[in-house]
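To start, the structure itself, in structure tokens.
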Amino acid sequence: MDRVKMIDIWFQLERKWVDLSAEDRLKRRQDYLNPLFINFYEWLGSFTAVPKSKLDTAVKYALKLRGGFERIFEDGRLELSNNLAERQIKELVIGRKNSMHSCSLEGARTSGIILSVYRTAEANELNPVAYLEFLFDRIPNMTHVSNEALDELLPWRPLAQAKCGKQCRKQPNNLSPL
């Protein structure tokens, strides 16, 4: 089978499963997509390209990314491609001109981080304003900041879901509820 056609099949399957729940999509991926994926990477691992050629570089790059790509077989919410992530940061890319006029590199970096946290909250079905307020309240008041403590504040964790889920309809201070 032509390898490009095989990858096209991956995306065709994903389009068929777009309206499924994350659990159902994960099951379908494990049953139908994973064997195609394994077949592709077995072929790619046995592929011999001219050393240091562009094709050799591309093959090595694809092999290096395999572990990250396999995450789609662990979580049905993950996307097959990064197109969604790229669309999410488009706002930041378009606004980079504004960042160039920030008073400092640190200010531009901070703007990017806040937008990333905001979009990640949205992707996890949180109220992003409530989530930012949740973080701004919790993190400075932690008695001990550790990776484990910060992990508990991630948007997909139960605490953030309970405090900032879409049911939490916080209104910005300058707007009245509709």
Test log, rule side chain to side chain contact (heavy atoms under 4.5 Å, CB included), inputs L126 and F134: CA-CA 11 Å; L126 298 182; F134 167 76; over 6 Å; no
Side chain to side chain contact (heavy atoms under 4.5 Å, CB included) assessment of V18 paired with R15: CA-CA 5 Å; V18 72; R15 281 190 293 276; 5.8 Å; no
Side chain to side chain contact (heavy atoms under 4.5 Å, CB included) evaluation trace for T57 with K52: CA-CA 6 Å; T57 302; K52 299 186 180 183; over 6 Å; no
I9 and L33: CA distance, side-chain angles, deciding distance, side chain to side chain contact (heavy atoms under 4.5 Å, CB included) verdict: CA-CA 9 Å; I9 290 170; L33 189 56; over 6 Å; no
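Checking side-chain atoms of N141 against main-chain N and O of D137 turns up a donor-acceptor pair under 3.5 Å. Distance alone, capped at 3.5 Å, places no donor-acceptor pair between the E122 side chain and the P128 backbone. One N or O on the side chain of D2 and one on the backbone of V4 form a donor-acceptor pair closer than 3.5 Å. No donor-acceptor pair under 3.5 Å is formed between the side chain of S53 and the backbone N or O of A49. The backbone N or O of I72 sits less than 3.5 Å from a side-chain atom of R29, completing a donor-acceptor pair.
If you take CG on L153 and CZ on R157, they are separated by 9.5 Å, rounding to the nearest 0.5 Å. In this structure, the separation between CG on L78 and CZ on R25 is 9.5 Å, given to the nearest 0.5 Å. Here E133 contributes atom CD and K163 contributes atom NZ; the two are 13.5 Å apart, rounded to the nearest 0.5 Å. Remark: L44 CG to L63 CG distance equals 4.5 Å, nearest 0.5 Å. Interatomic distance, CD of Q161 versus OH of Y131, reported as 9.5 Å (0.5 Å rounding). For the atom pair L154 CG and T120 OG1, the distance stands at 9.5 Å (nearest 0.5 Å).
In this structure, the side chains of D31 and K27 come closer than 4.5 Å at one or more pairs of heavy atoms. Contact annotation: the side chain of L36 approaches that of L13 to within less than 4.5 Å [non-hydrogen atoms, C-beta and beyond].
Between W10 and Y32, the distance separating the two ring centers is not shorter than 6.0 angstrom.
Following chains of ILVMFWY side-chain contacts shorter than 4.5 Å, one can reach W43 starting from F69, so the two form part of one hydrophobic cluster. At a threshold of 4.5 Å between side-chain heavy atoms, the hydrophobic network of Ile, Leu, Val, Met, Phe, Trp and Tyr places I113 and I139 in one connected group. Under the 4.5 Å side-chain heavy-atom criterion for ILVMFWY residues, a single connected hydrophobic cluster contains both W17 and I7.
Side-chain N/O atoms of N34 and R28 include no donor and acceptor closer than 3.5 Å.
Heavy atoms only, all atoms of each residue included: L132 and V117 are closest at CD2-CG1, 3.7 Å. Of all non-hydrogen atoms in P155 and A160, the two that sit nearest each other are CA-CB, 4.0 Å.
The number of heavy-atom neighbours closer than 6.0 Å to OH of Y41, taken from other residues, nucleotides and ligands shown, is above 12.
Of the charged side-chain nitrogens involved, none lies within less than 4.0 Å of a carboxylate oxygen, so that R71 and D75 do not count as a salt-bridged pair. Ion pairing of R66 with E70 is present here, as a side-chain N (NZ or NE/NH1/NH2) and a carboxylate O approach within less than 4.0 Å.
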